[in-house]
Amino acid sequence: MDHRNHRTTTLPTRSALGRIPVRAMIVAVVASALAASPSVAQAEDEAVATPASLTQVLSCQSRDALGTFAELLFLQNRPPAWMRPSKLPTALDGMIGLYGFAVEGKVSVFGEPVDHVYFLSDWVVALLPRASAERVIAAQKMTRAPIAMTEQYYRFVDPETGPMIGGFAPTGDAMAKVFVDAFGGGPGAKTAKEPPSPETKMLLVGCNYAVASQEDFLAAARGAEDTMRKAGADIRRMVEEGEARPPR
């Protein structure tokens, strides 16, 4: 599919999002630049930053609306009056490249009302209690991804180009494991023998607008553990060569 005539938007990065740091967190293994798809895009003059359009973004219904929010929040630093930057909750400790916003008005993710939203590379998500997240996972007929070390669910709107409806456990533990592998310890990690909890109390649910196929996503998911090991090895090599220092 030729995307050259469609609107393209990319969120800013605090580190190299979509590369080693984010891949180490598993959920962005298929991250790529945002690009519009006729199956979900609306006319640009309809993409107004309202609670209703944010609800559409969270529910994989509008790439154009996502472009509007990305431009206002990250390029112009001019969020609408009903959105304001917010600190991350404890449940999201250790996650890299996550931007949080408190929201007012009727904002929801697949019918579940929310008062905070989060942007992570190509993801736009909300943090839900497990019971609420499981309702969405069941209603949206998501499938468990083949990733052993963390919990992630998915369903592609278009199996060739996305977007992908998804739910996943907060990935701070996965990032801590990278530091364990690299240094023998790290933020929030006590020993390398402590794997991420298989059942967290909260799950992130929303939409990944990366242009990627379901086949590519599943291939990346199956290789996620190798990706993490390589990330740890790369960091360890950088420390040994003096290019990086262990976290304090």
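All residue numbers refer to positions in the sequence shown, counting from 1.
Take E112 and apply the side chain to side chain donor-acceptor pair (under 3.5 Å) test, not counting sequence neighbours, and it matches R135. Judged as a side chain to side chain contact (heavy atoms under 4.5 Å, CB included), and not counting sequence neighbours, the contacts of P129 are S132, M202. Under the side chain to side chain contact (heavy atoms under 4.5 Å, CB included) criterion, S86 pairs with A102, H116, not counting sequence neighbours.
Side-chain atoms of F156 and C60, non-hydrogen and from C-beta on, never get closer than 4.5 Å to each other. Residues L204 and M95 meet the side-chain proximity criterion, which asks for heavy atoms closer than 4.5 Å. V48 places none of its side-chain heavy atoms less than 4.5 Å from the side chain of T68. Contact check for V109 versus L128: side-chain heavy atoms found under the 4.5 Å cut-off. Counting heavy atoms from C-beta outward, Q76 and E71 have side chains that approach closer than 4.5 Å. Between C207 and V57 there is no side-chain heavy-atom pair separated by less than 4.5 Å. By the 4.5 Å heavy-atom criterion applied to side chains, L54 and V103 are counted as neighbours.
Applying ring-ring contact (aromatic ring centres under 6.0 Å, His included) to Y99 and the options F74, F69, F119 leaves one that passes, F74.
Between Y118 and W123, the ring center distance fails the sub-6.0 Å criterion.
Stacking of R144 on the aromatic ring of Y153 is recorded, both the 6.0 Å distance cut-off and the 45° axial limit being met.
Side-chain atoms of T90 and D93 form no donor-acceptor pair, as typed in the model, at a separation below 3.5 Å.
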